[in-house]
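Residue numbers count from 1 along this sequence. We use all heavy atoms of the structure for the numbers below, so side chains are in, but hydrogens, waters and symmetry mates are not. As the structure lists them, so they are numbered: ligands from 1, and atoms in each ligand from 1. Computed from a predicted model, the values in this text were never measured in an experiment.
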Amino acid sequence: MNEMSTAADYIQSKIGQAPEIGLILGSGLGVLADEIEEAVKMPYEDIPGFPVSTVEGHAGQLVYGKLRGANVIAMQGRFHFYEGYDMQKVVLPVRVMKQIGIKTLIVTNAAGGINEEFEPGDLMLIRDHINNMGTNPLIGPNDKELGVRFPDLSQAYSRDLLGLAKETANELDIKIQEGVYVANTGPVYETPAEIKMLRVLGGDAVGMSTVPEVIAARHAGLNVLGISCISNMAAGILDQPLSHDEVIETTEKVKSNFLSLVKGAVEKIVEA
Ligand code: R1P
């Protein structure tokens, strides 16, 4: 049995009904998993073949249960390429979540604002992305069981889900931005010159995750909703150094809007 099926079997032995929605919770955003009711928690180290989280703000467990009446499974902590995991490992959880039944993936992250109209603490719905990582999780032999050789990414982020999330934000009176997420490998934050370049290329926010997961999700036919928490302005915009502590502090401040937006979107996805 392959790594994916072994992990999926383990998770299925711990949970009830198949989850409809998978969530990947970014730096400092794991708090959403605490809202899940009737929670079944599975530490990554107990799941066969799973990597473990090494980054602060990433608890390192899967949480299954009910959110606004929907069966969901959330990754409280993700895996980043810069941690030393190869791309196959970075996207393994997405494939496992697909195997256990999810149809929709809500992917979240903490990101630096490139767009100067943004402010730290803003939430940005991801309209599109730029893969600036220099690699891709689909490199290598294509497993036809997972998806096609040449996946179409012309609508990597579902327009329907984007509309539904906007509607949710409006109803809840939550300020919302929309834009393009650029993924770099990290772990360094960008230089001011790189940020200038990314702005010219059309980027609105920058981070070190999400894009590999979204590529694997689209390959697997999942519908994707992406949400960035603008945790700081990217290098060179404000005259101050960047730090992961600041990232975590901002996500803490934006917690209540983030929780309301995601829960509201989940409710609408299930109703749709
Ligand atoms: C840097 O502060 C970390 O925060 C973001 C970056 O990608 C990087 O890992 O984390 P998430 O993308 O996991 O939210």
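Within 4.0 Å of ligand 1, protein heavy atoms come from Gly26, Ser27, His58, Arg78, His80, Tyr82, Asn109, Ala110, Tyr189, Met208, Ser209, His244, Val247.
At a threshold of 4.0 Å, the pair Lys255-Glu252 counts as salt-bridged, since one of the basic side-chain nitrogens sits closer than that to a carboxylate oxygen. Electrostatic pairing of Glu171 and Lys268 counts as a salt bridge here, judged by a charged N lying under 4.0 Å from a carboxylate O. Using a cut-off of 4.0 Å between Lys/Arg side-chain N and Asp/Glu carboxylate O, Glu178 and Arg127 are scored as salt-bridged.
For Tyr10 and Phe50, the ring centers sit 6.0 Å or farther from each other.
Side-chain polar atoms of Thr104 and Glu20 form no donor-acceptor pair below 3.5 angstrom.
Shown here is Asp173, whose CG atom has no more than 12 heavy atoms of other residues, nucleotides or ligands within 6.0 Å.
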